[in-house]
Amino acid sequence: MLKRDWSDLLNPILVKESRQFFHNNLIVMVTWLFLAAQLAAMIYGMYQKQQGSESYADQMAEFMVIVLLFGSYLICCFGSMIRYSSERSRPELDCSRITPLSPLKILCGKISSNLVVLIYFHAMFLPFFLIASFLGVSGIWEMFGTAAFIFSFVLFLSITGLFFGGFGNYLMLGMYILVCIGVPALIYWFVDDTYLGISSTSLNGILLFLLLSGIPFTLAYAMLKSVNSNPMRSARVYLTFFFFVFPLIFLNCWDRKLSASLSSFPDFIRITHLLGALLVIIILSMATILEYNYTSSRFKRPAWSPLKCLVMYPFSTGWGGGIALCWLLLGVILLENLWAWKFTVGTATASAEAFVMTALALYALFCTQLSIWMARFFKCFSAWIYGLGIVFVTGVLLPLVLREILSNIGISDMFLGTNEFIKFICYLALGLVGFSSFLIFSPLVNDFEEFCRQKTEDTV
């Protein structure tokens, strides 16, 4: 009887990816390069300390964090995304086609290998952090807090890279870089200015990145699953969960950095919830457009009652379910704004921010519905091309023209920042959504009727 190696008990994808990494001479050279950069940063900091500089600690800490963050991103995220995209673009290398492994096992193996590399990379850098703490840069626990924050951030970027790599198209590399820059800039408002340390806000940032990691994970999992197995259900369930729990991460810091603009607890809950809702609706809208292009058949299921079909339709794969779920979540937002307006809850600043985010969410649904309607009746281009055109015309070109017209008739830019104008924009977005809903209503009803009729053959 052959003796099994201990590696046979591990995920095969984890073993394959780890061996590829540790046998790559280029990765080893890059690792040594970043270690040399950390050593140079420490020597420079010691030199500045001997010269009597008072800012040597901050400079050393910033440089060490930048080197660790950039090195982890380049090796664990960028490299992993390129390898996965190359595999998906070539069917003979795609593990979902050449192996009997389940999509979940393939994706978990990819993520586990990135975790192994990330832990390996952090383990090499932690001695430098400990030495820096003895030099007076920061406390030991603060440096460990920094490493934990960077770890969660790079893990989120790594899973996001697997999602973009799943398209098997190198054009997604530019989109991935934009996400890597835009998402941290968007949520930096909720993270402490000096996140070096285990404070309440840095822990909240860690939890936020871990929660955000579930979104690209479920989307990447849906891309690997068969279209007949309802691939988007897990993604839509998780996005709905994210929609409701997003404000809970920051409950213990509402009176800290946000107190300047949000002076009350209801303001904080309302604005944080709307920010998370805006992110969810934008992702749902983009996924719905992609589903219209690539989903060619319904998943197989047993016959359901009309009530169960109505409940399961928003969480089922297809463009109609995506629009239905967007409408349900938007209904929650509109009821929340109506309640705040009815009982005059919140300050003027919070109300203006709420109207802006609500208008953006409505605008995302408008672009989605109109692009799908145009793709159905004008089959010259795909839905995502129509979507990009609508965003360019209504979101870039038309506002510039209207601003020029308003300035010519004597309306200054100060009026554009008033609460009345912001409310007008929100009402305009609601009207645009109503118009696009009128156009898409009949195709949506037909899609729902088809969903209710469908069942598997010979269901026992």
Looking at every non-hydrogen atom in both residues, tell me the closest pair between [X] and [Y] and how far apart they are.
{"X": "Ala287", "Y": "Met232", "value": "CB-CE, 4.2 Å"}
{"X": "Ser285", "Y": "Cys326", "value": "OG-SG, 4.1 Å"}
{"X": "Thr31", "Y": "Tyr120", "value": "CG2-OH, 4.1 Å"}
{"X": "His273", "Y": "Val332", "value": "CE1-CG1, 4.3 Å"}
{"X": "Phe243", "Y": "Ala277", "value": "CE1-CB, 3.1 Å"}
{"X": "Met374", "Y": "Tyr386", "value": "CE-CD2, 3.5 Å"}

Looking at side-chain heavy atoms only, is the closest gap between [X] and [Y] below 4.5 Å?
{"X": "Leu157", "Y": "Phe78", "value": "no"}
{"X": "Trp327", "Y": "Leu365", "value": "yes"}
{"X": "Phe246", "Y": "Leu279", "value": "no"}
{"X": "His122", "Y": "Ser72", "value": "yes"}
{"X": "Leu107", "Y": "Ile111", "value": "yes"}
{"X": "Ile289", "Y": "Ser371", "value": "yes"}
{"X": "Leu328", "Y": "Thr240", "value": "no"}
{"X": "Leu219", "Y": "Ile283", "value": "yes"}

Test side chain to side chain contact (heavy atoms under 4.5 Å, CB included) on Leu334 and Leu338 and set out the steps. CA-CA 6 Å; Leu334 294 175; Leu338 180 62; over 6 Å; no
Working to the nearest 0.5 Å, report the span between [atom1] of [X] and [atom2] of [Y].
{"X": "Leu104", "Y": "Lys225", "atom1": "CG", "atom2": "NZ", "value": "9.0 Å"}
{"X": "Arg233", "Y": "Thr218", "atom1": "CZ", "atom2": "OG1", "value": "13.0 Å"}
{"X": "Leu155", "Y": "Asn114", "atom1": "CG", "atom2": "CG", "value": "8.5 Å"}
{"X": "Glu17", "Y": "Tyr84", "atom1": "CD", "atom2": "OH", "value": "10.0 Å"}
{"X": "Leu439", "Y": "Arg376", "atom1": "CG", "atom2": "CZ", "value": "12.0 Å"}
{"X": "Phe441", "Y": "Asn446", "atom1": "CZ", "atom2": "CG", "value": "10.0 Å"}

For Asn337 and Arg270, what are the C-alpha separation, side-chain angles and deciding distance, and is it a side chain to side chain contact (heavy atoms under 4.5 Å, CB included)? CA-CA 9 Å; Asn337 285 327; Arg270 184 184 175 195; 3.2 Å; yes
Would you indicate whether Met124, at its atom CE, is surrounded by more than 12 heavy atoms from other residues, nucleotides or ligands within a distance under 6.0 Å? yes
Under 3.5 Å: donor-acceptor pair, side chain of [X], backbone of [Y]:
{"X": "Ser436", "Y": "Leu432", "value": "yes"}
{"X": "Ser152", "Y": "Phe149", "value": "yes"}
{"X": "Ser86", "Y": "Ile82", "value": "no"}
{"X": "Ser80", "Y": "Cys77", "value": "no"}
{"X": "Ser85", "Y": "Met81", "value": "no"}
{"X": "Ser102", "Y": "Lys105", "value": "yes"}
{"X": "Tyr221", "Y": "Ser234", "value": "no"}
{"X": "Arg88", "Y": "Phe167", "value": "no"}
{"X": "Tyr176", "Y": "Phe163", "value": "no"}

List the steps and the verdict of side chain to side chain contact (heavy atoms under 4.5 Å, CB included) for Phe241 and Val237. CA-CA 6 Å; Phe241 168 78; Val237 170; 5.6 Å; no
Do we see a donor-acceptor contact under 3.5 Å between the side chains of Gln369 and Ser437? yes
Ring center gap for Tyr73 and Phe153 short of 6.0 angstrom: no
Angle class for the Phe156/Phe209 ring planes (parallel below 30°, perpendicular above 60°, tilted otherwise)? tilted
Parallel, tilted or perpendicular: rings of Phe34 and Phe121 (30°, 60°): perpendicular
For Phe315 and Leu325, what are the C-alpha separation, side-chain angles and deciding distance, and is it a side chain to side chain contact (heavy atoms under 4.5 Å, CB included)? CA-CA 7 Å; Phe315 301 98; Leu325 184 57; 4.1 Å; yes
